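Following: one structure in C-alpha cells, then a few remarks.
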Amino acid sequence: MKLENGKLCVEINELGAEAVRIYDMENDTEVLWEADAKYWKRHAPVLFPNVGKTYRNTVKINGTQYPTSQHGFARDNEFRCIESGKTKASFLFASNDETKEVYPFDFELLITYTLEDKNLKVEWEVRNTGDEDMYFTIGGHPAFRFAEPDEVKSDYLLRFPGKESLEYVLIDPAEAAVDPDKVYTLELQNECCQVTEEMFEKDALIFDNGQITEVWLCRKDGTPYAGMKCEGFPNFGIWSVKDAPFVCLEPWMGRCDNVGFDGELSEKPNVNHAAPGESFRQSYLICIY
C-alpha cells in the first residue's frame with residue numbers, strides 16, 4: 001500500500017501493518033531503514049500485546065501463566081487493509097484461536113497511517129471485543145536510516161526540545177528485564193547529545209515517566225533530519241545495533257518488565273486497559289524536516 005502527497009511517499013506492508021518506506025520527495029532521501037538483515041531485518045514494527053520481553057518470557061493473566069515472545073505477535077501477522085486512499089490507509093488484525101493460546105482476549109487492532117504535510121501520523125486503536133477487561137502494552141519501533149551511505153553515528157545528534165538532562169534505565173542482560181533502581185543520567189548541551197556507538201553497548205536506553213514528548217535526529221551541525229512528536233507516552237526507547245547506520249526512536253505505552261515482576265498483567269506498571277466493548281486509542285507523529 002502506497003501513500004503519497006507530493007512531499008512524502010510512504011509504503012506499508014500488510015504483514016504487521018508495518019511502514020516499510022518513508023521517502024522524502026523534496027530532498028530525494030530514503031528516511032526509513034531498509035531492513036538489511038546484516039544489522040536488523042525490520043523497518044518500523046508495531047509492538048503488541050507486549051513491548052519488549054516479559055519477565056522470564058511469561059505473563060500471568062487471571063492466575064494462568066502464558067508464554068510470550070519479544071515484542072508480541074502483531075508484527076508477524078497479516079493485517080487486512082480496510083481503508084485506502086491517496087494519503088490515508090487503515091489496517092485491521094483480530095484475535096483468533098492461535099493468538100488466544102498466548103493471549104486469551106478477544107480484540108481488534110486497527111492501525112491507521114495518515115500523511116499530513118511532511119508528517120506521518122500513526123494511530124492505534126485497540127478494541128476489546130470480548131466480555132472481560134483486557135490489558136496490554138503497545139509501542140512503535142521505527143528505525144531512521146542515515147541520509148548518506150558513508151555516514152556513521154557520530155555524524156548525528158539527538159535533540160530533546162526543552163530538556164537539560166534525561167534519566168534512563170537499562171535492560172539487565174542476565175534477566176532480560178529492567179532494574180528500575182539503577183537510574184542513569186543523559187546530560188544534554190543545548191538540548192542535544194552526540195550519538196555514539198558506545199551509547200548502545202548495553203542495548204536500548206529506556207526513558208520512563210513521560211520524559212520524552214518530542215525528539216529529533218539531527219545532523220552534527222544541528223540541522224533536523226527526522227523526528228517524532230509523542231505526547232502522552234509514558235515510556236520511550238532509543239536503540240541501535242553496533243556499526244548500523246540507523247537509530248530507532250520508539251514511543252511506548254508501557255515497556256518490558258522489571259526484574260522479578262511476577263504479578264498479574266493488570267498490575268504491571270503503565271499497562272493499558274480496555275473494558276468490554278471499549279477501545280483504547282493513541283497516536284504519534286513521525287516528522288521529516
Side-chain angles (χ1 to χ4, degrees), residues 10 17-19 22 44-52 71-72 74-75 88 90-91 93 105 107-128 133-144 158-169 178 180 183 186 188 191 204-217 224 226-239 247-258 265-275 277-289:
V10 173
E18 181 179 4
I22 300 176
V46 177
L47 318 179
F48 176 87
N50 54 280
V51 173
H71 293 322
R75 62 181 184 170
K88 183 177 181 179
S90 295
F91 301 82
F93 174 69
F105 295 110
F107 69 87
E108 291 179 339
L109 174 57
L110 181 68
I111 301 175
T112 300
Y113 295 91
T114 308
L115 287 179
E116 300 176 348
D117 195 50
K118 290 197 76 173
N119 301 327
L120 175 63
K121 185 177 183 180
V122 184
E123 299 176 87
W124 306 318
E125 180 180 350
V126 181
R127 301 168 177 168
N128 184 347
D133 288 341
M134 175 180 169
Y135 298 90
F136 58 92
T137 58
I138 186 169
H141 200 320
F144 299 95
L158 286 168
R159 178 172 173 260
F160 304 90
K163 302 295 183 179
E164 296 180 356
S165 65
L166 295 162
E167 293 186 337
Y168 65 94
V169 292
V178 165
V183 180
L186 182 66
L188 306 177
E191 305 178 329
L205 279 61
I206 299 173
F207 302 84
D208 292 334
N209 304 314
Q211 295 178 80
I212 295 179
T213 58
E214 182 177 351
V215 56
W216 287 88
L217 183 64
M228 184 171 293
K229 296 180 180 181
C230 51
E231 292 281 348
F233 283 76
N235 313 101
F236 199 96
I238 301 178
W239 175 78
V247 171
C248 288
L249 304 178
E250 308 179 39
W252 298 336
M253 298 298 296
R255 61 157 170 80
C256 60
D257 283 345
N258 289 333
L265 176 59
S266 61
E267 300 169 342
K268 178 183 171 77
N270 297 129
V271 75
N272 305 292
H273 167 254
E278 294 188 350
S279 294
F280 164 94
R281 295 177 176 87
Q282 184 58 288
S283 65
Y284 67 94
L285 287 179
I286 294 175
C287 310
I288 310 303
Y289 190 74

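Note that the structure is a prediction, hence the values are computed from the model and not measured.
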Quiz item: Between Gln282 and Phe233, is a side-chain contact (heavy atoms from CB on, under 4.5 Å) present by the stated rule, with each step listed?
Solution: CA-CA 9 Å; Gln282 184 58 288; Phe233 283 76; 3.3 Å; yes
Practice problem: Determine, stepwise, if the pair Tyr113 / Val122 fulfils side-chain contact (heavy atoms from CB on, under 4.5 Å). | Solution: CA-CA 5 Å; Tyr113 295 91; Val122 184; 3.9 Å; yes
Practice problem: Test Lys88 against Thr112 for side-chain contact (heavy atoms from CB on, under 4.5 Å), laying out the working first. | Solution: CA-CA 7 Å; Lys88 183 177 181 179; Thr112 300; 3.6 Å; yes
Practice problem: Test Leu120 against Leu115 for side-chain contact (heavy atoms from CB on, under 4.5 Å), laying out the working first. | Solution: CA-CA 5 Å; Leu120 175 63; Leu115 287 179; 4.0 Å; yes
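The two atoms that bring Arg75 and Pro45 nearest to each other are CB-CB, 3.9 Å, heavy atoms only. Of all heavy-atom pairs spanning Met134 and Arg127, the tightest one is SD-O, 4.5 Å. Taking both residues in full, the closest heavy atoms of Val46 and Ile111 are given as CG2-CD1, 3.6 Å, listed atom of the first, atom of the second, then distance. Residues Cys230 and Ile212 share a closest heavy-atom pair of SG-O, 3.6 Å. Taking each heavy atom of Glu191 and Gly162 in turn, the nearest pair found is OE2-N, 2.8 Å. Closest non-hydrogen pair, Glu167 versus Phe207, comes out as O-CD2, 3.3 Å.
Atom CZ in Phe93 sits 11.0 Å away from atom CD in Glu108 (nearest 0.5 Å). Rounding to the nearest 0.5 Å gives a distance of 6.5 Å between CG of Leu249 and CG of Leu158. Here CG of Leu47 is found 13.0 Å from CE of Met253. Values are rounded to the nearest 0.5 Å. From Phe91, atom CZ reaches atom CG of Leu110 across 10.0 Å, with rounding to the nearest 0.5 Å. With values rounded to the nearest 0.5 angstrom, Glu250 atom CD is found 11.0 Å from Leu205 atom CG. Separating the CG atom in Leu188 from the CG atom in Leu166 is a distance of 5.0 Å, to the nearest 0.5 Å.
The shortest distance between side-chain heavy atoms of Ile206 and Cys256 falls below 4.5 Å. Val247 has its side chain out of reach of Phe144: every pair of non-hydrogen atoms, C-beta onward, lies at least 4.5 Å apart. Using a 4.5 Å heavy-atom threshold, the side chains of Glu278 and Asn128 count as separate. Taking the side chain as every heavy atom from C-beta outward, Tyr168 and Ile238 never approach each other to under 4.5 Å. Considering only heavy atoms from C-beta on, Ser266 stays 4.5 Å or farther from Asp133 through its side chain. When side chains are defined from C-beta on, Val51 does not count as touching Asn235, because their heavy atoms never get closer than 4.5 Å. You'll find the side chain of Glu123 reaches within 4.5 Å of the side chain of Thr114, heavy atoms only. Between Pro224 and Arg159, every side-chain heavy-atom pair lies at or beyond the 4.5 Å cut-off.
A donor-acceptor pair under 3.5 Å is absent between the side-chain atoms of Glu125 and the main chain of Ser279, judged by distance alone. Side-chain atoms of Asn50 come within 3.5 Å of backbone N or O of Gly52 as a donor-acceptor pair. Looking only at distances, no side-chain donor or acceptor of Lys268 sits under 3.5 Å from a matching main-chain atom of Asn258. A donor-acceptor pair under 3.5 Å is absent between the side-chain atoms of Glu231 and the main chain of Thr213, judged by distance alone.
The ring-ring contact (aromatic ring centres under 6.0 Å, His included) test with Phe136 singles out one residue from Trp124, Trp252, Phe105, Phe280, and that residue is Phe280.
Residues that satisfy the side-chain hydrogen bond (donor to acceptor under 3.5 Å, both in side chains) test with Glu214, not counting sequence neighbours, are Trp216. With sequence neighbours excluded, no residue forms a side-chain hydrogen bond (donor to acceptor under 3.5 Å, both in side chains) with Asn209.
At most 12 heavy atoms of other shown residues, nucleotides or ligands fall within 6.0 angstrom of atom OH in Tyr289.
The aromatic rings of His71 and His141 lie perpendicular to each other, with more than 60° between the two planes, well past the 30° mark.
In this structure, Phe48 has its ring center under 6.0 Å from that of Phe107.
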